Asker: 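Sharing a structure here in structure tokens format.
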Amino acid sequence: MLDVKYIRENLEKVESQLKKRGENVNLSSFREFDSRRRELLQEGESLKALRNKVSEEISRISDKSQVQDRIAEMREVSRKIKSIDDDLRDVEENFQSYLLTIPNIPHSTTPVGVSEADNVEIKKWGKIPEYPFAPRPHWEIGESLDILDFERGARITGTRFTLYKGVGARLERALINFMLDLHTDRHNYVEMLPPFMVNRESMTATGQLPKFEDDLFHLEGVDYFLIPTAEVPITNIHRGEIVKGSDLPIRYAAYTPCFRKEAGSHGKDTRGLIRQHQFNKVELVKFVRPTDSYLELDLLLADAEQVLQILGLPYRVIDLCTADLGFSATKTFDIEVWLPGQNTYREISSCSNFGDFQARRASIRFRDGEQAKPAYIHTLNGSGLAVGRTVVAILENYQQADGSVLIPDALHSYMGGLKKIG
RNA sequence: GGAGAGAUGGCCGAGUCGGCCGAAGGCGCUCGCCUGCUAAGCGAGUAUACUGGGAAACCGGUAUCGAGGGUUCGAAUCCCUCUCUCUCCGCCA
């Protein structure tokens, strides 16, 4: 959520900055809500001040006959207050839900664009391997090695669900452990294992709700949602808190499965592990001082990149343009890993700075010292990495002519010494 | 699932038959004093949000004692609903 005072004072600027997202923003109703709200507020508050004053006087007058008309008067005032408060509640509710639908303002360094074609590649790492044979896509490799079972996954649940088998399951688990160990032991994140279902408040705080409910799995009987990313439970750890400035930056790493409906991508990436309704991810989340957040974004990106570097997987980094930027983010770097079986780069991580947007929705603040004013922190998060897609990248990049797949060195110990699949 | 207890400021904890309770007291913390260091001691201060005024320092108003409703001129205090926590029993990985 954006700062109401900031919008009030910079209405046109905000509008033009939001237009860069390609959204049809119209802040004219902002003015209406805002002035109506303040009008009602002032009217109600002066009546309350009067009532408080007179009520206090009533309590001090001992002669009861003298207070009857004052009481009658205040009865009327109270009735008026109630009706103003009712109107005010209405206005505030509508104002609030309106504010929750306004996306974040892109950062000044975010490239302006009208489609994903305007994203900017800022870095390439690793050598794209050459094969003396036609590299196969991971779904073929996985099936022929009998480690991925798409048919039975679909039987158990439905389309976009996959069964991992034997060494395949082990590889997924190895990657989760490897990533968590790397981020906790070497990058100083604190490991968290959060709930995989969250309530509506948590989803609203990070920005999934109210606008993107269609993308979420909702439970029947309770108003809970399956998490689409660990970002949601982890960011909400500090919802409603004022943390000590000296504790910043706070870094958390968490493994969770992620559940997404993938509404609107019917027919896209139907084969293989790329687009699943359930997938595993190790997520990095940071709570930082506002002044540090863009530096922290670079560090976060580097932490995620290192996973690919250690695994020896070629990738590139993309600076997302305003048209491709997520609802809550001010700036996002995507990491795309090279997939030889599909002869393309695919997103494997997305590292974003949300500024104070989520912090304001979630009311997460920090304070330096006792007498300092609390201020909103900045939140960031990034995948470190999407585990299923890392399996995909390993299968495709490390495939051999004989159909086997080599396991990257860093994973040998996590695979019980196994160096090759098949 | 059954029975019971509770939810007050950073923490602990008081709150009388509703009125001067944003809320006693203690701890903690901050600043100052004092003691040759430390400890102790003394004094002052110590919530948040919205809102009006002001360049600002700051001053005023309103709200907040788990959440939402109700009664009342007036509610932390009375009534209703909900949420959460704790204890015991049952069930269960």
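Keep in mind the model is a prediction, meaning the values are calculated, not measured. Numbered from 1 within each chain, the chains take letters A, B, ... in sequence-line order.
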Asker: Taking atom C1' in both B:G69 and B:G13, compute the distance separating them and give it to the nearest angstrom.
Answerer: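 My reading of the C1' atoms in B:G69 and B:G13 gives 29 Å.
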Asker: Select from A:Ile242 and A:Leu50 the residue whose nearest nucleotide in RNA chain B is closer to the 5' end of that strand.
Answerer: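 The answer here is A:Ile242.
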Asker: Quick check: closest heavy atoms across A:Pro290 and A:Tyr376, and the distance to 0.1 Å?
Answerer: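 Closest approach of A:Pro290 to A:Tyr376: CG-O, 3.4 Å.
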Asker: Round to the nearest Å and state the distance from A:Leu47 atom CG to B:U62 atom P.
Answerer: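 Value for this atom pair: 11 Å.
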Asker: Under a cut-off of 3.5 Å for both distances of each Watson-Crick or G-U pair, what dot-bracket string does RNA chain B give, using [ ] for crossing pairs and | for inter-strand pairs?
Answerer: ((((((((.[[[..)...(.....]]]((((((.......))))))(((((((....))))))).[[[[[..)....]]]]])))))))....
Asker: Between B:U64 atom P and A:Glu45 atom CD, what is the distance in whole Å?
Answerer: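 After rounding, the gap between these two atoms is 11 Å.
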Asker: With sequence neighbours excluded, tell me which residues meet ring pair (Phe, Tyr, Trp, His ring centres under 6.0 Å) with A:Tyr6.
Answerer: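 None.
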Asker: Using the side-chain hydrogen bond (donor to acceptor under 3.5 Å, both in side chains) rule, collect all pairs that involve residues 173-186 of chain A, keeping only residues at least two apart or in two chains.
Answerer: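 Those involving residues 173-186 of chain A are A:Asp181-A:Tyr414, A:His183-A:His187.
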Asker: If I pick the C1' atom on B:A23 and the same atom on B:A5, what distance separates them, to the nearest angstrom?
Answerer: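 Approximately 25 Å lies between the C1' atom of B:A5 and that of B:A23.
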Asker: If you measure from the C1' atom in B:C11 to the same atom in B:U46, how many Å do you get, rounded?
Answerer: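 So the two C1' atoms sit 14 Å from each other.
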Asker: Who passes side chain to side chain contact (heavy atoms under 4.5 Å, CB included) against A:Glu73, sequence neighbours left out?
Answerer: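 Once residues adjacent in sequence are excluded, the partners of A:Glu73 under the side chain to side chain contact (heavy atoms under 4.5 Å, CB included) criterion are A:Arg70.
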Asker: With sequence neighbours excluded, what pairs up with A:Glu336 under the salt bridge (Lys or Arg N to Asp or Glu O under 4.0 Å) test?
Answerer: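 For A:Glu336, the residues satisfying salt bridge (Lys or Arg N to Asp or Glu O under 4.0 Å) (neighbours in sequence not counted) are A:Arg316.
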Asker: Could you run down nucleotides 68-86 of chain B 5' to 3' and tag each one B, S or - for protein heavy-atom contact under 4.0 Å?
Answerer: -SS--BS------------
Asker: Name the nucleic acid region contacted by A:Lys5, choosing base, sugar-phosphate or nothing; use a 4.0 angstrom heavy-atom cut-off, strictly under.
Answerer: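 A:Lys5: backbone/sugar contact only, no base atoms under 4.0 Å.
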Asker: Among residues at least two apart in sequence or on other chains, which ones pass side chain to side chain contact (heavy atoms under 4.5 Å, CB included) with A:Asp146?
Answerer: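 In terms of side chain to side chain contact (heavy atoms under 4.5 Å, CB included), with neighbours along the sequence ignored, A:Asp146 is linked to A:Lys165.
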Asker: Could A:Lys48 and A:Glu45 be called an ion pair, given the rule that one side-chain N must be under 4.0 Å from one carboxylate O?
Answerer: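 Salt bridge: no.
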Asker: Identify all side-chain donor-acceptor contacts of residues 255-263 of chain A below 3.5 Å with residues at least two apart in sequence or on another chain.
Answerer:
from: A:Tyr255; atom 1: OH; to: A:Asn280; atom 2: OD1; distance (Å): 2.7
from: A:Arg260; atom 1: NE; to: A:Pro228; atom 2: O; distance (Å): 2.8
from: A:Arg260; atom 1: NH2; to: A:Pro228; atom 2: O; distance (Å): 3.0
from: A:Glu262; atom 1: OE1; to: A:Ser265; atom 2: OG; distance (Å): 3.3
from: A:Glu262; atom 1: OE1; to: A:Arg275; atom 2: NH1; distance (Å): 3.1

Asker: Which of these, A:Glu396, A:Glu143, A:Arg271, A:Arg389, sits in a side-chain hydrogen bond (donor to acceptor under 3.5 Å, both in side chains) with A:His138?
Answerer: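 Of the listed options, the one satisfying the test is A:Glu396.
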Asker: Measuring only the P atom in each nucleotide, how far is B:G22 from B:C34? A whole number of Å is fine.
Answerer: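 Result for the P pair: 38 Å, nearest Å.
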Asker: Tell me the interatomic distance from A:Leu41, atom CG, to B:U64, atom P, rounded to whole angstroms.
Answerer: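 In whole Å, B:U64 P lies 13 Å from A:Leu41 CG.
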Asker: Identify, with sequence neighbours excluded, every residue that meets side chain to side chain contact (heavy atoms under 4.5 Å, CB included) alongside A:Ser350.
Answerer: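 Checked A:Ser350 against side chain to side chain contact (heavy atoms under 4.5 Å, CB included); matches are A:Thr332, A:Asp334, A:Glu347, A:Ser352, A:Ser383.
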Asker: In whole Å, I'd like the distance from the CZ atom of A:Arg37 to the P atom of B:C50.
Answerer: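 Result: 8 Å.
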Asker: Taking only residues two or more places apart in sequence, or in another chain, which ones meet A:Asp215 in a salt bridge (Lys or Arg N to Asp or Glu O under 4.0 Å)?
Answerer: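 Applying salt bridge (Lys or Arg N to Asp or Glu O under 4.0 Å) to A:Asp215 gives none.
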Asker: Please give, in whole Å, the distance from B:G61 P to A:Leu88 CG?
Answerer: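 So the CG-P distance, A:Leu88 to B:G61, works out to 20 Å.
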Asker: Which residues satisfy the side chain to side chain contact (heavy atoms under 4.5 Å, CB included) test with A:Thr206, sequence neighbours excluded?
Answerer: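 Result, side chain to side chain contact (heavy atoms under 4.5 Å, CB included) vs A:Thr206: A:Gln208, A:Glu231, A:Val232, A:Thr235, A:Asn236, A:Gln358.
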Asker: Between B:G18 and B:U30, how far apart are the C1' atoms? Round to whole Å, please.
Answerer: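 Roughly 37 Å separates the two C1' atoms.
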Asker: Ignoring backbone atoms, establish whether A:Gln42 has a side-chain N or O less than 4.0 Å from OP1 or OP2 of B:G52.
Answerer: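 Answer is yes, contact under 4.0 Å.
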Asker: Give a yes/no on whether any side-chain N or O of A:Arg38 is located under 4.0 angstrom from OP1 or OP2 of B:G52.
Answerer: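 Answer is yes, contact under 4.0 Å.
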Asker: For atom C1', what is the distance between B:U71 and B:C80, given to the nearest Å?
Answerer: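 Each nucleotide's C1' atom is 11 Å from the other's.
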Asker: Measuring only the C1' atom in each nucleotide, how far is B:G25 from B:G15? A whole number of Å is fine.
Answerer: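 It works out to 11 Å between them.
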Asker: How long is the line joining CE of A:Met1 and P of B:A49, in whole Å?
Answerer: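 Taking CE of A:Met1 and P of B:A49, I get 14 Å after rounding.
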Asker: Please list, for nucleotides 54-59 of chain B, all pairs of protein and nucleotide N/O atoms separated by less than 3.5 Å.
Answerer:
none

Asker: Using the C1' atom as the reference point in each nucleotide, state the distance between B:G66 and B:G53 in Å, no decimals.
Answerer: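 These two C1' atoms come out 35 Å apart once rounded.
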Asker: By the 4.0 Å heavy-atom rule, please label A:Arg8 as base, sugar-phosphate, or nothing.
Answerer: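 The residue A:Arg8 makes sugar-phosphate contact but no base contact.
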